Amino acid sequence: MALKIRLRQQGRTNRAFFRLVVTDSRSPRDGKYVEALGWYNPVEAEDDKKLFFKSDRIKHWLDLGAQLTESAACLIKKTSPEIIRAQTEKKVAARAKAAVKRKEKTQG
């Protein structure tokens with residue numbers, strides 16, 4: 001089961017707000033989800049009430065292999081850039097490890 005951390009639309013027409021959820025990538029946008037991780041209300045004027053995310057739970061799901069969607073990553077970057085930085089460092093380390101393995105394979 002491929003897990004995604006993405007936005008789930010709520011609210012009514014022209015007054016939508018979103019929940020950040022962990023869900024199976026094959027489920028519909030507004031379908032079932034595994035866990036709610038926070039919310040985003042673009043209509044709200046105050047910045048304090050616009051975004052709320054559980055950083056520790058996001059990190060937990062990312063460590064288990066869940067993937068961030070582009071829109072979710074942009075919102076998370078605003079509130080907790082350290083999560084995005086850790087994900088980027090993890091990708092860079094994996095690429096470096098693969099490059100070393102390829103190099104050893106061609107030499108040996």
Side-chain angles (χ1 to χ4, degrees):
M1 179 166 79
L3 295 174
K4 292 266 187 188
I5 297 176
R6 67 181 181 198
L7 295 174
R8 179 179 195 268
Q9 189 173 351
Q10 305 261 238
R12 60 180 195 252
T13 307
N14 298 324
R15 294 284 290 183
F17 65 94
F18 303 89
R19 286 192 182 159
L20 186 73
V21 296
V22 176
T23 185
D24 183 12
S25 63
R26 296 168 292 184
S27 67
R29 178 194 66 192
D30 300 334
K32 288 184 179 181
Y33 59 90
V34 178
E35 182 180 356
L37 302 174
W39 46 264
Y40 168 59
N41 188 356
V43 179
E44 188 64 46
E46 296 179 36
D47 288 338
D48 295 344
K49 296 180 181 179
K50 201 172 246 192
L51 286 169
F52 172 74
F53 299 130
K54 299 176 188 172
S55 309
D56 58 330
R57 296 304 296 167
I58 293 171
K59 185 159 176 40
H60 167 77
W61 283 107
L62 289 172
D63 289 343
L64 289 179
Q67 299 292 316
L68 282 170
T69 61
E70 191 175 326
S71 56
C74 288
L75 289 174
I76 291 171
K77 190 174 184 177
K78 290 180 182 181
T79 59
S80 3
E82 66 276 357
I83 292 174
I84 303 298
R85 191 175 312 115
Q87 283 297 108
T88 306
E89 289 172 0
K90 193 175 180 181
K91 287 180 185 176
V92 168
R95 285 184 186 157
K97 185 177 178 182
V100 168
K101 194 172 185 179
R102 275 194 313 272
K103 197 173 189 178
E104 288 175 356
K105 188 176 181 180
T106 58
Q107 290 177 355

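We count residues from 1, following the sequence as given. Everything quoted here is computed from the prediction, not taken from an experiment.
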Of the non-hydrogen atoms in [X] and [Y], which two are nearest, and what is the gap between them?
| X | Y | answer |
| --- | --- | --- |
| Ile5 | Ala72 | O-CB, 3.6 Å |
| Asp30 | Arg8 | O-NH2, 2.9 Å |
| Trp39 | Phe53 | O-CE2, 3.8 Å |

Donor on one side chain, acceptor on other, Ser27 and Arg6, under 3.5 Å: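 Yes, Arg6 and Ser27 have a side-chain donor paired with an acceptor closer than 3.5 Å.
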Student check: side-chain heavy atoms of [X] and [Y] closer than 4.5 Å:
| X | Y | result |
| --- | --- | --- |
| Leu62 | Ile83 | yes |
| Lys49 | Asn41 | no |
| Tyr40 | Lys50 | yes |
| Leu37 | Glu35 | yes |
| His60 | Asp56 | no |

Co-membership, hydrophobic cluster, residues [X] and [Y], 4.5 Å side-chain:
| X | Y | result |
| --- | --- | --- |
| Leu7 | Leu3 | yes |
| Ile58 | Tyr33 | no |
| Ile84 | Leu51 | yes |

CA sep, side-chain torsions, deciding dist, call: Trp61, Val34, side chain to side chain contact (heavy atoms under 4.5 Å, CB included): CA-CA 11 Å; Trp61 283 107; Val34 178; 3.8 Å; yes
With rounding to the nearest 0.5 angstrom, report the [atom1] to [atom2] distance, [X] to [Y].
| X | Y | atom1 | atom2 | value |
| --- | --- | --- | --- | --- |
| Leu68 | Ile76 | CG | CD1 | 4.5 Å |
| Lys91 | Arg95 | NZ | CZ | 7.5 Å |
| Leu20 | Lys54 | CG | NZ | 10.5 Å |

Backbone of Lys32 reached by a side-chain donor or acceptor of Thr23 within 3.5 Å: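 Yes, because the side chain of Thr23 sits within donor-acceptor range (under 3.5 Å) of the backbone of Lys32.
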Other residues, nucleotides and ligands only: do more than 12 of their heavy atoms fall within 6.0 Å of [atom1] on [X]?
| X | atom1 | result |
| --- | --- | --- |
| Lys59 | NZ | no |
| Gln9 | CD | yes |
| Gln67 | CD | no |

